[in-house]
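Worksheet: one structure, shown below.
Throughout, a chain's letter reflects where its sequence line sits, starting with A, and its residues are numbered from 1.
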2 protein chains.
Amino acid sequence: MKSDSRNTNSLTDTIFDQLQDAIIKGQLPQGSKISEPGLAKQYQVSRGTLREALSRLEEKQLVVRSPNIGASVVTLSLKELIDIYHIREALGAMACALAACNMSNDEIADLRRLLDEHEKSIQLDDGLSYYQHEGEFDFHYRILIGSRNSKVLDVLDGGLYQLIRMYRYQFSSDSSRPWQALKEHRRIVDAIEERDAELAGLLMRRHIQTARQRIEQQQEHQEQREVGQ
Amino acid sequence: MKSDSRNTNSLTDTIFDQLQDAIIKGQLPQGSKISEPGLAKQYQVSRGTLREALSRLEEKQLVVRSPNIGASVVTLSLKELIDIYHIREALGAMACALAACNMSNDEIADLRRLLDEHEKSIQLDDGLSYYQHEGEFDFHYRILIGSRNSKVLDVLDGGLYQLIRMYRYQFSSDSSRPWQALKEHRRIVDAIEERDAELAGLLMRRHIQTARQRIEQQQEHQEQREVGQ
DNA sequence: TAAAAATATATTGTCGACACTTTTTGCTTG
DNA sequence: CAAGCAAAAAGTGTCGACAATATATTTTTA
């Protein structure tokens, strides 16, 4: 999925997309220092252009910059990831409740079709595919749009979702239980279709909550390991 | 209040702060097109430097840029402002509940002192002062920090708060009922002190909700005016 | 006269170069 | 040999210039 809908002709856009991909996939390791002249030569662009791309990556929370020191790829601790999921929980629930009020019938029907496709995709390659993750994002994006609150999409797309993507690419050990998730998605759509805002919000909150709790379990394991050492 | 804690020696930082101020105060009118060469000459910096500052302003949602067309100062409709308040409601309540669990006793005592100062400030110049608005932000900032969720501060500080500031500077007709707000703030601190997360979250939600509802009333008036024409 | 094409102007996108800061390297000294 | 200082290397901050694109103006034509 493209992070932006506009045609990506400008050089800065291209370099930005490439770098975003490289960071999310871990080709640029977390915390690694970014040398502007180095990367500029590597990607065959001027340093100014790369600088602009770095600004946008900073905007998307994928790099951090310190004055006179330079840029580094972001490091994402489990604690921070959990923090993000807390936010996603609050905003996702809110957006879902709004979507139950504001989505058109056509949009809801489309959402159903998306879940059917999702189901097929799960049947085909059981579990761990790339497309499922992106499909999951697609589902949430549509609800965000259906909420008719443009700012909530700005917030979640402007940094938070990219970090979650990065985590999933680099650490997603579990197969994210696709069947369970699908079932939850269907229930959410049911609630939206019935225009039950409160229920829709609640279900979405729980859906994200379970995802968060899985990560928290992972964190506990990690802490136990650290204590053991 | 400085938007960033780091020493603002770099030229880009300076120009960024100045432009942010100009936009929030309305000296650069909403929707007005930004001429890069013009502004660069006006502020005595190179175009590249100004460009970097514009990138950061875009990050803070204060300017919008279209490829090959240029940058404009953001336009904030009442609808969008209400959208922002919905987000603030969800995240503020969440953060406040977390703060009730995570704030230290010292932090809570400091918060109380802040409210006492706030009260004095209200008594001095009754109502409409600049410092009260910023004091209000200060209060919310501290709770955000107390939540120990760094991302929620990133989200609200990265765009949303600046837009609210802009609105208040340019349209804040009502004096924001300082006494009422202070009372609500005190109740919130009470709940935090008692470590009652649920209540603290609820009170914060209501506090922001009332602010939102005042804006919604304003919106209704505006719509009536439009119908009348 | 009005619409469309072509030119001219202004603005944004991209680049390479220089100045200043930080980090590394190498040398001196106790 | 270690610690501290000095010089060099690398890197970031800033700038002005050229190329590509968009906007405004003028000219042409129906």
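Protein atom CZ of Arg51(B) is 12 Å distant from nucleotide atom C1' of dC15(C), rounded to whole Å. When the P atom of dT21(C) is taken as reference, atom CG of Leu11(B) falls 12 Å away, rounded to whole Å. Separating the CG atom of Asn68(A) from the P atom of dT21(C) is a distance of 8 Å, rounded to the nearest angstrom. The nearest whole Å value for the distance from the CG atom in Asp13(B) to the P atom in dT14(D) is 8 Å. One interatomic measurement links the two molecules: CD1 of Ile69(B) to P of dT21(D), which rounds to 14 Å at whole-angstrom precision. The interatomic distance linking Glu52(B) (CD) with dT12(C) (C1') rounds to 16 Å, in whole Å. One can place CG of Leu39(B) at 15 Å from C1' of dA10(C), the figure rounded to the nearest angstrom. When the P atom of dA10(D) is taken as reference, atom NZ of Lys41(A) falls 10 Å away, rounded to whole Å.
With DNA chain C read from its 5' end, the first of the two nearest nucleotides for Ala71(B) and Val45(A) is the one closest to Ala71(B).
One finds no side-chain N or O of Thr12(A) lying less than 4.0 angstrom from the OP1 or OP2 phosphate oxygen of dG13(C). Applying the 4.0 Å criterion to OP1 and OP2 of dT12(C), one finds that Lys33(B) has a side-chain N or O inside that range. A close approach under 4.0 Å does not occur between any side-chain nitrogen or oxygen of Ser46(B) and OP1 or OP2 of dT14(D).
In this structure, Ile34(A) reaches the sugar-phosphate backbone alone: every heavy-atom distance under 4.0 Å involves primed, P, OP1 or OP2 atoms, never a base. Nucleic acid contact class of Gly48(A) (heavy atoms, under 4.0 Å, all strands): none.
Put simply, the side chain of Asp83(B) never gets that close to the backbone of Asn149(A): no donor and acceptor are under 3.5 Å apart.
Distance from the side chain of Pro37(B) is smallest to dT11(C) among dT11(C), dT14(C), dC15(D). Nearest to the side chain of Glu36(A), among dT12(D), dC15(D), dT11(C), sits dT12(D). Taking every side-chain heavy atom of Arg47(A) into account, dA17(C) is the closest of dA17(C), dT22(C), dT12(C). Comparing dC15(D), dT12(D), dT12(C) by their nearest atom to the side chain of Thr49(B) picks out dC15(D). Side-chain atoms of Ser10(B) lie closest to dT14(D) of the nucleotides dT12(D), dT14(D), dT12(C).
Heavy-atom contacts from other residues, nucleotides or ligands closer than 6.0 Å to NZ of Lys41(B) number 12 or fewer.
No salt bridge links Glu107(A) with Arg142(A); every basic N to acidic carboxylate O contact stays at or beyond 4.0 Å. Contact check on Arg56(B) versus Asp13(B) returns a salt bridge, with a Lys/Arg side-chain nitrogen under 4.0 Å from an Asp/Glu carboxylate oxygen.
Ring orientation note: the planes of His185(B) and His118(B) are tilted relative to one another, at an angle of 30° to 60°.
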